[in-house]
2 protein chains.
Amino acid sequence: MDHDDSAAGSTDVLERLGAFSDRDDWPAKGWCRIERSLDVIGTRSAMLVVRELFYGGSKFDELARRTGLSEAVVAGRLKQLYADGIVDRRPYREAGKRTRDEYVLTERGRGLFPIVVALVEWGEGLRDDHRTGVELVHRDCGTSLSAVVTCEKGHEVPVDRAAVRLKGEEYALAGLRRGSK
Amino acid sequence: MDHDDSAAGSTDVLERLGAFSDRDDWPAKGWCRIERSLDVIGTRSAMLVVRELFYGGSKFDELARRTGLSEAVVAGRLKQLYADGIVDRRPYREAGKRTRDEYVLTERGRGLFPIVVALVEWGEGLRDDHRTGVELVHRDCGTSLSAVVTCEKGHEVPVDRAAVRLKGEEYALAGLRRGSK
DNA sequence: GTTCTGGCTATGGTTTATATGAGCCAGGGT
DNA sequence: ACCCTGGCTCATATAAACCATAGCCAGAAC
């Protein structure tokens with residue numbers, strides 16, 4: 001297989017600043033935000049349930065059927081997602097049916113939107129059938145959605161213009177070269 | 001536990017358009033981009049390796065040590081990530097050492113950047129210690145990074161202004177009717 | 001050659017994730 | 001009262017993910 005990668009520059013990857021410049025000093029264990037996120041939504045079943053919640057599913061049987069997961073797994077995930085504050089339960093009642101709970105995304109759950117969009121977008125390039133599948137669009141203008149990285153000033157930030165540092169180390173732009181440590 | 005969610009409106013979630021308006025007609029199995037993405041980076045170990053690649057790790061022992069994963073798992077992940085075109089191997093040589101391979105993200109691998117940023121950002125809100133951990137910033141202005149959803153025209157799109165529809169609906173509908181199973 | 005180092009693999013065991021199928025039970029219908 | 005449906009749980013089983021240890025082996029140093 002030839003991976004025709006045109007990345008000649010050996011480091012168009014995150015620049016490490018300050019104390020983080022030697023990576024090995026920082027034990028990610030228990031602190032890394034990514035690991036924490038993965039503790040909550042790191043399983044296939046969790047993401048599939050979240051997907052269906054975004055797609056409008058709310059009842060237990062909808063979520064089980066549409067994800068293709070077993071009922072036991074869906075029940076377990078919903079319990080965990082509830083405990084973690086991703087979904088809320090609210091009782092409702094259909095005519096002729098008993099009251100039951102439906103599941104809706106909380107604010108925190110809706111905060112997963114960029115992740116969902118990014119996963120859809122990235123999955124697009126994985127195989128070569130570009131004609132099928134779903135696509136996410138802007139209701140107002142109809143164009144398709146994309147997850148982009150921006151800074152607080154609204155600049156779009158590509159990987160090679162991004163950096164990573166330990167939180168709390170306020171680094172003036174001028175002090176970037178100070179090796180710290 | 002009280003989940004004080006202020007989401008009164010029952011559907012600030014994706015609007016479903018066209019044939020996708022009844023969700024049950026579309027079997028996600030095998031087509032969903034999210035599922036495909038998860039097939040590649042859906043495990044904890046895969047994301048941790050990707051994290052370290054973004055943080056500048058490239059050698060085998062770096063990746064093993066910094067992820068905290070066992071060597072066997074790292075080796076397996078690297079093999080899979082290589083097969084899927086996420087990383088490329090390039091031989092190099094340190095003085096006095098034998099030649100070996102280092103691993104660098106391909107273009108496709110770097111395409112995971114929004115997902116990494118979104119995971120870091122979302123993980124931030126999960127517990128209440130906001131002072132530690134790493135943060136991603138813009139090299140140029142120093143402000144922290146965020147993954148936002150935009151349409152092709154550059155509008156920022158919140159969840160409740162987004163919609164989902166089948167891609168190339170003519171094709172998809174025809175395909176489904178022909179009993180594509 | 002021989003030695004030694006480091007990237008990687010192979011083996012075996014534990015934990016986690018998921019499927020399958022059976023079954024409980026709250027509560028509305030009647 | 002009794003039945004029945006559907007949300008959910010339990011029990012069991014399989015598969016996948018992961019760790020720990022040991023060991024292989026290419027190749028540079030000598």
Side-chain angles (χ1 to χ4, degrees), chain A residues 24 27-30 32 34-36 38-53 57-84 87-104, chain B residues 24 28-30 32 34-35 38-53 57-84 87-104:
Chain A
D24 288 302
K29 188 82 177 180
C32 175
I34 294 178
E35 293 189 18
R36 292 189 181 182
L38 293 178
D39 287 340
V40 181
I41 50 152
T43 65
R44 177 182 196 77
S45 57
M47 274 309 303
L48 293 187
V49 169
V50 167
R51 178 191 73 189
E52 290 308 326
L53 290 167
S58 61
K59 304 172 195 166
F60 181 82
D61 71 308
E62 286 175 341
L63 298 175
R65 185 176 60 252
R66 296 174 183 177
T67 55
L69 297 166
S70 69
E71 294 179 346
V73 171
V74 173
R77 282 298 159 236
L78 286 172
K79 199 168 290 185
Q80 185 196 333
L81 291 173
Y82 177 74
D84 289 329
V87 299
D88 205 355
R89 352 181 74 172
R90 59 180 57 166
Y92 79 111
R93 166 100 189 279
E94 281 178 351
K97 304 282 183 62
R98 81 193 223 201
T99 56
R100 42 182 174 171
D101 281 341
E102 64 176 353
Y103 302 87
V104 296
Chain B
D24 288 304
K29 188 80 175 179
C32 174
I34 295 178
E35 293 190 18
L38 293 178
D39 287 340
V40 180
I41 50 152
T43 65
R44 178 181 196 79
S45 57
M47 274 309 303
L48 294 187
V49 170
V50 166
R51 178 191 73 189
E52 291 308 328
L53 289 167
S58 61
K59 303 172 195 167
F60 181 83
D61 70 308
E62 286 175 341
L63 299 175
R65 185 176 59 252
R66 297 174 182 177
T67 55
L69 297 166
S70 68
E71 294 180 347
V73 171
V74 173
R77 282 298 159 237
L78 286 172
K79 200 169 289 185
Q80 185 196 333
L81 291 174
Y82 177 73
D84 289 329
V87 299
D88 206 355
R89 353 181 70 167
R90 60 181 55 169
Y92 79 111
R93 168 101 188 278
E94 282 178 349
K97 304 284 181 63
R98 78 191 225 202
T99 56
R100 41 182 174 171
D101 281 340
E102 64 178 352
Y103 301 87
V104 296

Report the residue from A:E52, A:K59, A:R89, A:R90 that forms a side-chain hydrogen bond (donor to acceptor under 3.5 Å, both in side chains) with A:Y103. A:R89
B:L38 has an atom CG; how far is it from atom P of D:dA17, in whole Å? 12 Å
Distance check needed: D:dG6 C1' versus A:Y103 OH, whole Å only. 12 Å
Between atom CG in B:L48 and atom P in D:dA17, what is the gap in whole Å? 14 Å
Considering all heavy atoms of both residues, which atom of A:V87 and which atom of A:Y82 are nearest to each other, and what is their separation? O-CD1, 3.4 Å
Heavy-atom protein contacts under 4.0 Å, nucleotides 13-20 of chain C, coded B base, S sugar-phosphate only, - none: ----SSBB
Over all heavy atoms of both residues, which pair between A:G57 and A:E62 is shortest? Give the atoms and the distance, please. CA-OE1, 3.4 Å
Phosphate contact (D:dC8 OP1 or OP2) by A:K79 side-chain N/O below 4.0 Å: no
Distance in angstrom units between B:E102 CD and C:dG6 P, rounded: 17 Å
Rounded distance (Å) that lies between atom C1' of C:dT5 and atom NZ of B:K59: 15 Å
Roughly how many Å is it from CZ in A:F60 to P in C:dA26, rounded to a whole number? 17 Å
Are A:V40 and A:R36 close enough, and set up right, to give a side chain to side chain contact (heavy atoms under 4.5 Å, CB included), and what steps lead you there? CA-CA 7 Å; A:V40 181; A:R36 292 189 181 182; over 6 Å; no
When rounded to the nearest 0.5 Å, the distance separating CZ of B:R51 from CZ of B:R66 is 10.5 Å
Figure out the CG/P separation between A:L63 and D:dC8, and round it to whole Å. 10 Å
Nearest-angstrom distance from the residue atom CG of B:D61 to C1' of C:dT5: 12 Å
To the closest 0.5 Å, what do you measure between CE (B:M47) and CG (B:L53)? 10.5 Å
